[in-house]
Amino acid sequence: MNLINSAAFAAEQDTIDPLKQFRTKFYIPQVHGQDSIYFTGNSLGLQPRTTAAYVQQELDDWATLGVEGHFHAKKPWLSYHEIFTRQLSAIVGCRETEVVVMNHLTVNLHLLMVSFYRPTKQRYKIICEARAFPSDQYAFESQARYHGLNPEEAVIEISPRAGEHTLRIEDILDTIALHGDSLALVLLGGVNYYTGQFYELEKITKAAHAAGAVAGFDLAHAAGNVKLRLHDWQVDFACWCSYKYLNSGPGGVAGAFIHEKHISNPDLPRFAGWWGYTKETRFKMEKGFHPIPTAEGWQLSNAPVLSMAAHKASLDIFEEAGMDNLHAKREKLAAYLHFILADINQRQAKPIIEVITPQDPAARGCQVSILMLDKGRDVFNALTEKGVVADWREPNVIRVAPVPLYNNFTDIWKFGKIIDSILH
Ligand SMILES: *Cc1c(COP(=O)(O)O)cnc(C)c1O
């Protein structure tokens, strides 16, 4: 399509957008009495207007039923977590038995590493991204120490080549092959939080398996964003949070995926809790842990129903919108943003913007990371002043993420217009 940097073109795209009514299902934060241009759905997704009613339902059931709510609430709390499996399996691309909603992201990362990072004298290394999200770095480091290893030796970081910002797939695959039989685990983000690069999870998984290692992914920036097929890709495990693209509220309950080939293996070590125990006999409360032979077997505690209610409100919206429609619109929004930024650059004497997110649509999601070559802070301050909610990362990167549920083409056009006005 022929893209045009104009208000009329953006408005026309918004008019023909099949998902346009979804924007009205969210509260858009206000700046100076107007809707902000909210581009931080990669950090905290917006609140659906329906969330309050979903949470209120649980508060009401608690008020009127007390403990009986475990059985007689509208959505009984005893099995509350089960209402997510169908919808989430469509979002991350897996079987219903492979997914569970529980805990928080870093907690799940640790729990899954307990099962899937089992270093031996020979095979003990973890391959990850250099400058992985800090919580992940601390998890890798502390897991290595927990096993009596020196993180300096056990944790292998892959960096972009000099002068580049993103990782080349051949470098990832070569590093995996290089460490070969000393490699225990490959654990990358699905989408890098800083650059927005979406890695080739299937190829990475295949390479990890060829080396005799396990492949896991932190999907914090991928779940609800990019197209995932965790089951078919043979990914061993994954985890994600629900408050970024999944719009389930600050500190919301997280999710985990464990591939079918592992879920019913009772020999996998794990840190167990009663909610992972076989349902039929859980309340006999006997000694000896018998895990549920699905991803649910990794649960520890009973369901945090209030935060799960917020998660449910959001997943109902995802289902109504349909993942394919969301992916189609996501790609159009990202392409328009890349186009607008290139157009701004062209009208400068020399380039002022370097987009460090891959141009290839298959290698990116919603997020576009903009390296400002000059006037970075001025541009960011002006954006903030004019009602754009974006994110600044030192030294000079502005991250923006137009998301298909509530952003539109006009948001992107206005964003470009503000940058233009600063530069001229
Ligand atoms: C957002 C994010 C986290 C945050 O972890 P919590 O346990 O939810 O606080 C961790 N890892 C990555 C890659 C993230 O993007």
Side-chain angles (χ1 to χ4, degrees), residues 39-46 84 88 91-92 100-114 116-117 126-143 155 157-160 165-167 172 185-199 201 204 215-226 228 230 235 237-257 271 298-301 304 306-308 310-311 314 356-357 364-369 389-394 397 399-401 403:
F39 279 166
T40 43
N42 56 343
S43 185
L44 183 72
L46 290 181
F84 299 107
L88 261 184
I91 291 173
V92 300
V100 64
V101 168
M102 60 182 191
N103 312 315
H104 293 92
L105 171 53
T106 310
V107 175
N108 289 341
L109 192 58
H110 275 297
L111 291 179
L112 292 169
M113 286 184 78
V114 164
F116 293 103
Y117 176 55
I126 304 170
I127 285 184
C128 66
E129 306 143 274
R131 302 180 64 202
F133 193 90
S135 202
D136 300 45
Q137 291 184 36
Y138 308 146
F140 305 155
E141 181 188 313
S142 58
Q143 285 275 340
V155 182
E157 298 186 343
I158 312 181
S159 301
H165 299 284
T166 51
L167 295 181
I172 300 176
L185 174 64
V186 178
L187 214 170
L188 304 185
V191 171
N192 181 276
Y193 82 98
Y194 184 72
T195 63
Q197 181 181 17
F198 178 24
Y199 300 119
L201 306 195
I204 294 168
F217 296 97
D218 181 331
L219 303 178
H221 281 263
N225 176 15
V226 291
L228 297 166
L230 299 181
V235 169
F237 70 91
C239 48
W240 54 88
C241 54
S242 69
Y243 49 81
K244 291 174 179 166
Y245 292 100
L246 291 174
N247 307 325
S248 301
V253 67
F257 160 88
F271 287 167
W298 271 262
Q299 294 175 111
L300 300 181
S301 301
L306 297 180
S307 76
M308 283 185 168
H311 195 30
S314 176
I356 61 174
T357 305
R364 68 176 186 217
C366 295
Q367 181 177 318
V368 177
S369 301
V389 185
D391 160 298
W392 174 262
R393 294 276 153 163
E394 294 297 338
V397 169
R399 297 188 310 166
V400 288
V403 308

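Every number for a ligand or one of its atoms is a count from 1 in the order of the listing. Note that the structure is a prediction, hence the values are computed from the model and not measured.
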Heavy-atom nearest neighbour in the protein, as seen from atom 11 (N) of ligand 1, with distance rounded to 0.1 Å =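 Protein heavy atom at minimum distance: Asp136 OD1, 2.6 Å.
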Nearest neighbour in protein (non-hydrogen) for atom 12 (C) of ligand 1 =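 Answer for atom 12 (C) of ligand 1: Phe133 CG, 3.4 Å.
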Part of Asp218 with heavy atoms under 4.0 Å of ligand 1, whether side chain, backbone, both or neither | side chain
Cut-off 3.5 Å, side chains only: do Ser159 and Glu157 have a donor facing an acceptor?
->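 Checked: Ser159/Glu157 side chains show no N/O donor-acceptor pair below 3.5 Å.
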Of Leu201, Asp218, Ile172, which meets side-chain contact (heavy atoms from CB on, under 4.5 Å) against Leu188?
-> Ile172
Using side-chain contact (heavy atoms from CB on, under 4.5 Å) as the criterion, point out the one residue from Thr106, Val114, Leu112 that pairs with His110.
->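 When side-chain contact (heavy atoms from CB on, under 4.5 Å) is applied between His110 and each of Thr106, Val114, Leu112, only Thr106 qualifies.
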Output the list of atoms in ligand 1 that are nearer than 4.0 Å to some heavy atom of Ala220, sorted by atom number.
->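 Selected atoms, number and element: 2 (C), 12 (C), 13 (C), 14 (C), 15 (O).
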Which ligand 1 atoms are under 4.0 Å away from a heavy-atom of Tyr243?
->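 Counting atoms of ligand 1 from 1, those under 4.0 Å from Tyr243 are 1 (C), 4 (C), 5 (O), 6 (P), 8 (O), 9 (O).
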Please work out which of His104, His110, Lys244, His221 has its closest non-hydrogen atom nearest to atom 14 (C) of ligand 1.
-> Lys244
Who gets closest to atom 7 (O) of ligand 1 by heavy atom: Leu44, Asn103, Thr106?
->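 The nearest heavy atom belongs to Thr106.
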Plane angle bin for Phe116 and Phe237 - parallel if under 30°, tilted between 30 and 60°, otherwise perpendicular =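 The arrangement is parallel - the two ring planes meet at less than 30°.
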Checking Arg393 against Tyr194: charged group under 6.0 Å from the ring centre and within 45 degrees of the axis?
-> no
So, for Val253 and Ser242, which heavy atoms are closest and what is the spacing to 0.1 Å?
->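 That closest heavy-atom pairing would be O-OG, 2.6 Å.
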